[in-house]
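Computed from heavy atoms alone, side chains included, the values below leave out hydrogens, waters and symmetry copies. Protein chains get the first letters and strands the later ones, always in sequence-line order, with residue 1 at the start of each.
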Amino acid sequence: MKLLYFAWVRQKIGKPEEQLDMPPSVTTVSTLVDFLRQRGRGYEEAFRNPALVRVAVNQQHTDFNAVLRPGDEVAFFPPVTGG
Amino acid sequence: MKLLYFAWVRQKIGKPEEQLDMPPSVTTVSTLVDFLRQRGRGYEEAFRNPALVRVAVNQQHTDFNAVLRPGDEVAFFPPVTGG
Amino acid sequence: MTEIRIQQADFEPGAEIAALEDSGGAAGAIATFIGMVRGDGGLISMTLDHYAGMCESEIAAHAMEARKRWPILALRIVHRTGKLAPGDRIVFVGVASAHRQAAFQAAEFLMDYLKTRAPFWKLEQRAGEETWVSARNEDDASIRRWQ
Amino acid sequence: MTEIRIQQADFEPGAEIAALEDSGGAAGAIATFIGMVRGDGGLISMTLDHYAGMCESEIAAHAMEARKRWPILALRIVHRTGKLAPGDRIVFVGVASAHRQAAFQAAEFLMDYLKTRAPFWKLEQRAGEETWVSARNEDDASIRRWQ
């Protein structure tokens, strides 16, 4: 699964993107976030208050209940601010 | 008195401007128009329906009741159409 | 800075915008408008007559009115006169402001004025005929909304 | 013709307008907007982050929405990303149409979208600190008026 991070989510996690194989527990955005929070301090900080984080799956805005499939592109970012 | 003509008023009268000495009868725009209408066919055509003609005295929009003084600049034109 | 020019010559939109951009650094927004002659209904050319002197001062009065209504940093109006062909530029209006709403609104206000009330007269040339354009309804909705 | 570009490089307003003017001869009106970085509150620089791919397709969707609402002949959007200094250009929006109201309204609609809802994030650098700009109220009146 391809993960993308933008703005302060990217800064806290320390990378703009990564490719990860998911354990079977990851079936939704919400369970993906639970999985990521265990990967280290940066992830924990990025997702400490999930209400601050927005998500897009395959470049479509969605929410943490969205179901994930292998090969999905999942992006986490703060609310957009416009240009 | 300096007279200016624009658009079809100019075309009918056949000149863009002229300098004329006024007889004592000319004291207002209205009496100026009466005087001009006697000066020839082009003037008569231009002022046949005075309701179609607008007037400015010294570059200020006004109406046919406006009082004129020696040295005034009087312009006659159709309603403005914008650029 | 307010610049108003009535001229026969064409103008260069990029140069007008560059002048607006140089207006000090506080500008966050530049709204511009360019009007061009449309070749509708077989139009061959359009000749714009204007009252030199009165035209500039009336446009300047409306530029001042725009400055009273909106916080404007710089404003440029260029209007051509004489004979113009379809596709030719007629008018440029550009407004620099700190914020986009003020820039857009001032540019629209000035264009609504220029297109309906400014002392210009238009002669349209079509095959075999010349017609002076009639004044629109003076209660034109586009200008009334600013009153 | 719709052109949408997200780029780090600067753009040339005069060249963008020239491309809009070449759009066929039916255009009577070109409304444009240029947004620039303001040096308010000691701002040293601003860095724009964006979601490449999603950003272009979301902007394209809004350009299509504008084309549904107004009769547009040509439309160009250029948005810069990366590190920008006060006075630098950020965004160009230009709309060519037969009439001025459509051109102005479509340009305003697109700018309201770009400034409030487009997938960009802004990092502001001031002396000794960097701050990610917070999202505005998502019910921002400027975007709500189009709904």
Side-chain angles (χ1 to χ4, degrees), chain C residues 10-40 43 46 73 84-101 103-116 140-142 145, chain D residues 10-40 43 46 73 84-101 103-116 140-142 145:
Chain C
D10 196 10
F11 55 84
E12 191 48 67
E16 302 303 329
I17 289 174
L20 289 166
E21 287 179 333
D22 283 347
S23 62
I30 294 176
T32 76
F33 181 86
I34 299 160
M36 286 160 302
V37 180
R38 284 197 320 276
D40 293 2
L43 187 86
M46 188 180 86
L73 295 163
L84 302 170
D88 282 355
R89 299 182 188 104
I90 308 170
V91 59
F92 175 91
V93 165
V95 178
S97 182
H99 298 286
R100 72 185 185 285
Q101 289 89 348
F104 269 126
Q105 286 182 33
E108 283 188 75
F109 168 82
L110 290 167
M111 277 309 308
D112 283 347
Y113 163 69
L114 288 167
K115 294 293 284 183
T116 59
D140 190 307
S142 71
R145 67 181 162 144
Chain D
D10 195 9
F11 55 85
E12 192 48 66
E16 302 302 329
I17 289 174
L20 288 166
E21 287 179 332
D22 283 347
S23 62
I30 294 177
T32 76
F33 182 87
I34 298 160
M36 287 160 302
V37 180
R38 283 199 320 276
D40 293 3
L43 186 86
M46 189 181 87
L73 294 163
L84 301 170
D88 282 355
R89 298 183 189 103
I90 307 170
V91 58
F92 175 92
V93 165
V95 178
S97 182
H99 298 286
R100 71 184 187 284
Q101 289 89 348
F104 269 127
Q105 286 182 32
E108 282 187 76
F109 168 82
L110 290 167
M111 277 310 307
D112 283 346
Y113 162 70
L114 288 167
K115 294 293 285 182
T116 58
D140 190 305
S142 72
R145 68 181 160 143

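- To the nearest 0.5 Å, atoms CD (C:Glu16) and CD (C:Glu21) are separated by 12.0 Å.
- Ranked by heavy-atom pairs under 4.5 Å with chain C, the first of D:Ala29, D:Gly35, D:Gly14 is D:Ala29.
- If you measure heavy-atom distances from C:Ile17 to chain D, the contacts under 4.5 Å come from the side chain alone.
- Looking at C:Asp112, the atoms closer than 4.5 Å to chain D (heavy atoms on both sides) sit in the backbone and in the side chain alike.
- Side-chain rings of D:Phe33 and D:Phe92 stay apart, their centers remaining 6.0 Å or farther from each other.
- In terms of non-hydrogen atom pairs under 4.5 Å with chain D, the most contact-rich of C:Ala15, C:Ala103, C:Ala98 is C:Ala98.
- You'll find the side chain of D:Gln105 reaches within 4.5 Å of the side chain of D:Gln101, heavy atoms only.
- In terms of modelled atom types and a separation under 3.5 Å, the side chain of C:Arg38 and the main chain of D:Ala27 share no donor-acceptor contact.
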